[in-house]
Amino acid sequence: MAVHVPEALAASLVDSLGESGRVWAAGLPTLADGLLERWSLRPDGPTAHGVVGLVLPVRCEDGTPAVLKLQPVDEETAGEPLALRTWGGRSAARLLDHDPTTGSMLLERLDPARSLLAEPDHLAAAGEIASLLADLTSHQAPVGMRTLAEIADAMLAEVPEALGGLADPGDRRLLADCAAAVREVRPDPGDRLLHWDLHYGNVLAPVGPDGRAPWLAIDPKPLAGDPGFELLPALHNRWADLTATGDLPRALHRRFDLMTERLALDRPRAVRWTLGRVLQNILWDVEDGEEVIDPAQRAVAEALLGR
Ligand SMILES: Nc1ncnc2c1ncn2[C@@H]1O[C@H](COP(=O)(O)OP(=O)(O)O)[C@@H](O)[C@H]1O
Ligand SMILES: [Mg+2]
């Protein structure tokens, strides 16, 4: 049975990966068919996708609902199966099977219609994320995981060139301040298993009440490092909920304090690693040709720097 590759996914694969994205998209139906047969799965509902991944709802031979996640393996996605296996279904979707050759994963099916994006109280949603992170980062990262230390070093090496790409002196100062914050914490980069991308859309409810947990994480881009590097997604996603409070710095501080308290983090270190995440975002934007710091990133950094 031919699996349909959504046009938007094919376009986004080409956008992100160029020719190799086109080749990957063209090979997807064959890859999916092979895995359906090998793992005795049958398609069971409409496909979902993200920027580069295809998520196909399936039923296992015994009727268990699952999803097949197919994505090109790169340094960000390579650790996903190992992280999910380490978590063993606690606070994260369970990994049911994995093909190391193609990086394909068979995952426990969660309810894609119920994510933390729909939790009415955004502060409660941030609290749920903090609770999940406390559990996920209680594990030491398995050997072989990409490290925050290497990411911090790579970022710091890019700073001099990026400074030249920003037009405004205030923006250059902010970039330099974020880099200085990273330099301060770099000597102790941490060894916890980090999810790295725990925003509200990457937290789904289980299908039906299974008595396990109200919320489970999906889609890790895992790292070994300090949990302070985990906070930015939940801090700045659902931005409209922050601005609607009428006091953006206070709203950011409330989320930040809630998360650092629930994770029992040292606040000054968490501030510095969060500025490191802001640095990462600024560097990506500059690399894409942006000459101005994104106002949301600026607002987060200024709130944390107390400006
Ligand atoms: N285990 C799962 N159960 C149900 N739906 C899922 C599951 N994993 C992913 N999805 C759906 O597929 C979408 C994209 O998957 P995700 O793992 O978040 O990849 P990415 O965002 O990197 O493309 C999710 O937002 C969700 O709608
Ligand atoms: Mg996702």
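Positions are given from 1 along the sequence. All values reported here derive from a predicted model rather than from experimental measurement.
- Residues V51 and S16 share a closest heavy-atom pair of CG1-OG, 3.6 Å.
- Residues L54 and Q71 fail the side-chain proximity criterion, which asks for heavy atoms closer than 4.5 Å.
- Of the possible donor and acceptor atoms, none in the side chain of H49 sits under 3.5 Å from a partner among the backbone N and O of V55.
- Summarising the geometry of V5 relative to A25, their closest heavy-atom pair is CG2-O, 4.0 Å, with the distance given to 0.1 Å.
- The residues R298 and E302 are annotated as salt-bridged, a charged nitrogen and a carboxylate oxygen being separated by less than 4.0 angstrom.
- At least one side-chain heavy atom of R85 sits under 4.5 Å from a side-chain heavy atom of H98.
- Remark: E150 CD is packed, more than 12 non-hydrogen atoms of other residues, nucleotides or ligands lying under 6.0 Å away.
- One side chain, D62 or T64, offers a donor N or O that lies under 3.5 Å from an acceptor on the other.
- Taking hydrophobic clusters as Ile, Leu, Val, Met, Phe, Trp and Tyr residues chained together by side-chain heavy-atom distances below 4.5 Å, M105 does not share a cluster with L31.
- Side chain of E290 to backbone of D285: no donor-acceptor contact under 3.5 angstrom is found.
- The minimum heavy-atom distance between P142 and T86, with the atom names listed, is CG-OG1, 3.5 Å.
- P43 places none of its side-chain heavy atoms less than 4.5 Å from the side chain of V3.
- Under 4.0 Å is where a charged nitrogen must lie from a carboxylate oxygen, and between D97 and R38 no such pair does.
- A92 and W87 get closest at one heavy-atom pair: CB-CE3, 3.8 Å.
- Shown here is R267, whose CZ atom has more than 12 heavy atoms of other residues, nucleotides or ligands within 6.0 Å.
- Using a 4.5 Å heavy-atom cutoff, the side chains of L84 and I218 are not in contact.
- Heavy-atom contacts from other residues, nucleotides or ligands closer than 6.0 Å to CD of E19 number more than 12.
- Under the 4.5 Å side-chain criterion, counting only non-hydrogen atoms from C-beta, S115 is not in contact with V203.
- Cluster annotation: L107 and L70 are assigned to distinct hydrophobic clusters (Ile/Leu/Val/Met/Phe/Trp/Tyr, side-chain heavy-atom contacts under 4.5 Å, transitive).
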Show your working on salt bridge (Lys or Arg N to Asp or Glu O under 4.0 Å) between R42 and D44 and close with a plain yes or no.
CA-CA 6 Å; R42 52 177 202 283; D44 183 39; over 6 Å; no
Side-chain donor-acceptor pairs under 3.5 Å in residues 123-139, sequence neighbours left out?
from: S131; atom 1: OG; to: G127; atom 2: O; distance (Å): 3.2
from: S131; atom 1: OG; to: R262; atom 2: NH1; distance (Å): 3.3
from: D135; atom 1: OD1; to: R90; atom 2: NH2; distance (Å): 2.2
from: D135; atom 1: OD2; to: R90; atom 2: NE; distance (Å): 3.2
from: D135; atom 1: OD2; to: R90; atom 2: NH2; distance (Å): 3.3
from: D135; atom 1: OD2; to: S91; atom 2: OG; distance (Å): 2.5
from: T137; atom 1: OG1; to: L133; atom 2: O; distance (Å): 2.7
from: S138; atom 1: OG; to: D135; atom 2: O; distance (Å): 2.6

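- Scanning both residues, K221 and D219, for their nearest heavy atoms gives NZ-OD1, 2.7 Å.
- In this model, a donor atom of one side chain and an acceptor atom of the other lie less than 3.5 Å apart for H122 and R255.
- Side chains of T77 and E80: no donor on one and acceptor on the other come within 3.5 Å.
- The existence of a salt bridge linking R272 and E184 is confirmed by a sub-4.0 Å separation between a basic side-chain nitrogen and an acidic carboxylate oxygen.
- A continuous path of hydrophobic side-chain contacts links V52 to L28 [ILVMFWY only; heavy atoms under 4.5 Å].
- Salt bridge D226/R269: present, at least one basic N to carboxylate O contact under 4.0 Å.
- Side-chain atoms of W39 and L68, non-hydrogen and from C-beta on, do get closer than 4.5 Å to each other.
- T102 and D99 are linked by a side-chain donor-acceptor pair at a separation below 3.5 angstrom, with hydrogens and angles left out of the test.
- Atoms OG1 and CG, from T274 and L304 in turn, are 6.0 Å apart once rounded to the nearest 0.5 Å.
- Nearest heavy-atom pair, M145 versus A83, reported as atom, atom and distance to 0.1 Å: CE-N, 4.0 Å.
- Contact of the L305 side chain with the V271 side chain is not registered, since no non-hydrogen atoms from C-beta on lie closer than 4.5 Å.
- By the 4.5 Å heavy-atom criterion applied to side chains, P206 and L216 are counted as neighbours.
- Within a 6.0 Å radius of CZ in R186, more than 12 heavy atoms belonging to other residues, nucleotides or ligands are found.
- Remark: R277 is positioned above the aromatic ring of W196, its terminal NZ or CZ atom under 6.0 angstrom from the ring centre and at most 45 degrees off the axis.
- Taking a cutoff of 4.0 Å between a charged side-chain nitrogen and a carboxylate oxygen, R250 and D247 do not qualify as a salt bridge.
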